[in-house]
Student: 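First, the structure itself, so that you have it in front of you.
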Amino acid sequence: MDARRVGGRIAAARRRALAAAGALPLPMQRITNGLAMVSLVLSSCDLLRLCSDRDRPLGFRTLGGRAFATVVCQLASVVYLLSLFGLPFSQPDPPASADGDEEGESRRSPPAAAPAAVAPAPMPDGMQTGDEEIVAAVVSGALPSHHLESRLRDCRRAARLRREALRRITGRGLEGLPFEGMDYQAILGQCCEMPVGYVQLPVGVAGPLLLDGCEYHVPMATTEGCLVASVNRGCRAIAASGGAMSVLFRDAMSRAPAIKLPSAKQAAELKVFVEAPANFEALAAVFNKSSRFGRLQGIQGALAGRNLYMRFTCSTGDAMGMNMVSKGVENVLGYLQNNFPDMDAISISGNYCSDKKPSAINWIEGRGKSVVCEATIKGGIVQSVLKTTVEKLVELNIIKNLAGSAVAGALGGFNAHASNVVTALFIATGQDPAQNVESSQCITMLEAVNGGKDLHVSVTMPSIEVGTIGGGTCLASQAACLNLLGVKGSNHASPGGNARLLATIVAGSVLAGELSLLSALAAGQLVKSHMKYNRSSKDVTKPDS
């Protein structure tokens, strides 16, 4: 839609607002406006003439009839013209909603055939000068909803007006969706577009998790009952047995562009070129220009006919690093274009990365942080805290997590419920929840040790993708959870240290969750505990009495 049509629709909305306020008909407005302008010009000229007459003293007592009339005309013209700007905003405040809704809207839905034609409900509390005109423009389509932030320069106001426009367009309210309490400026251009509120998720804390000699209280955002309690029981068993140990053995984010060449031979030549050790230093210099922390570690190519997929891996400091590695890859592609002018960059991501999809390459080569975490649980703790035996746990893990997952053809799913813990931690700490797909790849191993009396348990997770800066980590709630773990923001003393520590905490929490759930299954307690603690009959949509 061009600028003239947008201006025309906004002008039409303004005329409707004027009519609703009891303004004069349009022809009469034009006549009165013209008279006011003529009066203002003539009176201004006459006043200038009086002021320029040095022989005539000025003062209220010396004003004659003509001069007095000139002053009155001047003031009347100014007052009238100023009133034109205030007229649309002189409407009386709308009455409060009878049903007491937060936004004062009617609960009745409009007819399905013409929802946009329903008369608008009273404006919500807090509407500012000009809001009605803007909402009307959004509803009519004259003003795109995604332009509100740039036009108003007020992210909170933009979200509020978008919410009101959505209510009028759909005829359905958003009373249960919270609005207050969110920093809408913080999410602009970083977390979410066209916001209208936020979703509440309860956050529980499990722990302390005794990991590598330190205690961590683990925040988990979830709506699944028993999850936090289960991880908490696993933490208790680990702590009572001396704690868990972790090793981060790889730290490399990846991005793999898809390149097309005129022939398979040329694609193979490019593969050999980028993988040659003699060329790595030059390619790394080009790649590393994009960031202070992004450092190229390697390039691995895969061919499919005349298509080449180049998997770049690099360290990313305390950021999760997707944008960082993507910028570096773009730099290298520009450099390679000089030596291979026939190459055609089809996509910056060719799915050989592989992001947010289960893949064997992530399971084998890793992506993000690769961590192994282990603990030895004393036999007495297995019986007193976990309510089962070492022998039962070992047998269950083999039949369920190893053989059962193999029968299912699992790809990195040789565990009981790693994704449960990873997702809850990701949401609480501002990670990308969709990356739980590869981050939850995990193999859980259990074996009897010390003559069969104690239990050795470990989890190996090759693709934990986390960061402590960027993305959702900037939001107040998520930053508070990161702060609780002691990993908020950048680690200036050791760049990347906070993100690596967070990855080990994720693995340690998964270890606790695996230990507890397997114990519940071995003891036959899973269904009983969920029926007791996860079957609330309360209608949460109704307020508490």
Side-chain angles (χ1 to χ4, degrees), residues 149 155 182-195 198-199 201 203 219-221 248 250-256 287-297 312-331 348-349 353-356 362 366-371 422-440 461 463-507:
E149 279 79 6
C155 294
M182 169 63 69
D183 184 357
Y184 294 95
Q185 182 66 40
I187 68 177
L188 180 64
Q190 180 158 308
C191 297
C192 180
E193 297 74 43
M194 295 183 286
Y198 59 95
V199 173
L201 273 177
V203 177
M220 302 174 65
L248 189 146
R250 184 166 46 216
D251 182 2
M253 180 50 66
S254 63
R255 175 60 89 197
F287 183 97
N288 296 343
K289 290 190 301 183
S290 64
S291 170
R292 289 184 300 156
F293 301 105
R295 292 295 176 264
L296 184 65
Q297 296 178 350
F312 291 73
T313 55
C314 80
S315 59
T316 58
D318 283 305
M320 185 269 289
M322 286 297 301
N323 292 332
M324 191 183 301
V325 65
S326 296
K327 288 190 295 182
V329 168
E330 281 192 338
N331 290 345
I348 190 68
S349 174
C353 310
S354 186
D355 187 42
K356 301 174 184 176
N362 286 344
R367 188 169 194 257
K369 276 70 173 170
S370 301
V371 181
V422 171
T423 304
L425 253 167
F426 270 29
I427 295 174
T429 59
Q431 311 306 310
D432 188 337
Q435 287 185 324
N436 85 88
V437 173
E438 60 266 44
S439 296
S440 298
M461 305 179 69
S463 306
I464 302 178
E465 298 167 350
V466 293
T468 58
I469 58 174
T473 64
C474 69
L475 301 177
S477 301
Q478 287 79 350
C481 290
L482 289 169
N483 188 57
L484 177 65
L485 293 171
V487 295
K488 177 183 175 182
S490 300
N491 188 320
H492 300 291
S494 177
N498 284 354
R500 290 191 289 270
L501 177 56
L502 178 58
T504 63
I505 293 173
V506 170

Student: How long is the span from the NZ atom in K488 to the CG atom in L482, to the nearest 0.5 Å?
Tutor: 8.5 Å

Student: Quickly, which of L501, T468, L502 forms a side-chain contact (heavy atoms from CB on, under 4.5 Å) with L485? Name it, please.
Tutor: L502

Student: Where is the tightest heavy-atom contact between M324 and T316, given as atom of each residue plus distance?
Tutor: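 So the minimum-distance heavy-atom pair works out to CE-O, 3.5 Å.
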
Student: Check whether more than 12 heavy atoms from other residues, nucleotides or ligands sit under 6.0 Å from atom CD of E193, and answer yes or no.
Tutor: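 No, not enclosed.
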
Student: With a 4.5 Å cut-off on side-chain heavy atoms, are N491 and R500 touching?
Tutor: no

Student: Does S254 reach the main-chain N or O of C353 with its side chain, forming a donor-acceptor pair under 3.5 Å?
Tutor: yes

Student: Do side-chain atoms of Q435 reach the backbone of K356 as a donor and acceptor pair under 3.5 angstrom?
Tutor: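 No; zero donor-acceptor contacts below 3.5 Å.
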
Student: Could you tell me the separation between the CZ atom of R250 and the CZ atom of R367, rounded to the nearest 0.5 Å?
Tutor: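 If I round to the nearest 0.5 Å, the distance is 13.0 Å.
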
Student: Say whether, by atom type as modelled, one donor and one acceptor occur between the side chain of Q431 and the main chain of G467 under 3.5 angstrom.
Tutor: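 Yes, because the side chain of Q431 sits within donor-acceptor range (under 3.5 Å) of the backbone of G467.
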
Student: Is the side chain of R292 donor-acceptor paired with the backbone N or O of K289 at a distance under 3.5 Å, no angle test?
Tutor: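 No; zero donor-acceptor contacts below 3.5 Å.
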
Student: Check V203 against P219 and note the closest heavy-atom contact, atom names and distance.
Tutor: CG1-CB, 4.1 Å

Student: What are the two closest heavy atoms between F287 and N331, and how far apart are they?
Tutor: O-ND2, 4.3 Å

Student: Is it the case that the side chain of N436 and the backbone of V422 share a donor-acceptor pair, with hydrogens and angles ignored and the cut-off at 3.5 Å?
Tutor: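 No; zero donor-acceptor contacts below 3.5 Å.
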
Student: Is it the case that the side chain of D183 and the backbone of L475 share a donor-acceptor pair, with hydrogens and angles ignored and the cut-off at 3.5 Å?
Tutor: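 Between the backbone of L475 and the side chain of D183 there is no qualifying donor-acceptor contact (under 3.5 Å).
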
Student: Between E465 and D432 (side chain of the first, backbone of the second, donor and acceptor by atom type, cut-off under 3.5 Å), is there such a pair?
Tutor: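 No, the answer is negative, given that no donor and acceptor are paired below the 3.5 Å cut-off.
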
Student: If you count every heavy atom of other residues, nucleotides or ligands that lies below 6.0 Å from N323 atom CG, does the total exceed 12?
Tutor: no

Student: Please report the closest heavy-atom contact between S354 and E438, naming both atoms and the distance.
Tutor: O-OE2, 3.7 Å

Student: Answer yes or no: is there a donor N or O on one side and an acceptor on the other, between the side chain of T429 and the main chain of Q478, under 3.5 Å?
Tutor: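 Not a single qualifying donor-acceptor pair exists.
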
Student: Please report the interatomic distance CG(D318) to CG(N498), rounded to the nearest 0.5 Å.
Tutor: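 CG of N498 is found 5.0 Å from CG of D318.
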
Student: With a 4.5 Å limit on heavy-atom distance, are the side chains of Q190 and C474 in contact?
Tutor: yes

Student: Quick one, D355 and S349 - any side-chain contact, counting heavy atoms below 4.5 Å?
Tutor: no

Student: Could you give the distance from CD (Q185) to CD (E149), rounded to the nearest 0.5 Å?
Tutor: 9.0 Å

Student: How far apart are the closest heavy atoms of D251 and Q297, and which atoms are they?
Tutor: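 Answer, listing the atom of D251 first, then Q297: O-NE2, 3.0 Å.
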
Student: For P495 and F293, work out which heavy atoms get closest and say how close.
Tutor: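 The pair with the smallest heavy-atom distance is CB-CE2, 3.8 Å.
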
Student: Can you tell me how far the CG atom of L188 sits from the SG atom of C155, to the nearest 0.5 Å?
Tutor: 4.0 Å

Student: Would you say S463's side chain and S439's backbone share a donor-acceptor pair under 3.5 angstrom?
Tutor: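 Not confirmed, S463 side chain does not pair with S439 backbone.
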
Student: In Å and rounded to the nearest 0.5 Å, what is the CD1 to CZ distance from I348 to R255?
Tutor: 7.0 Å

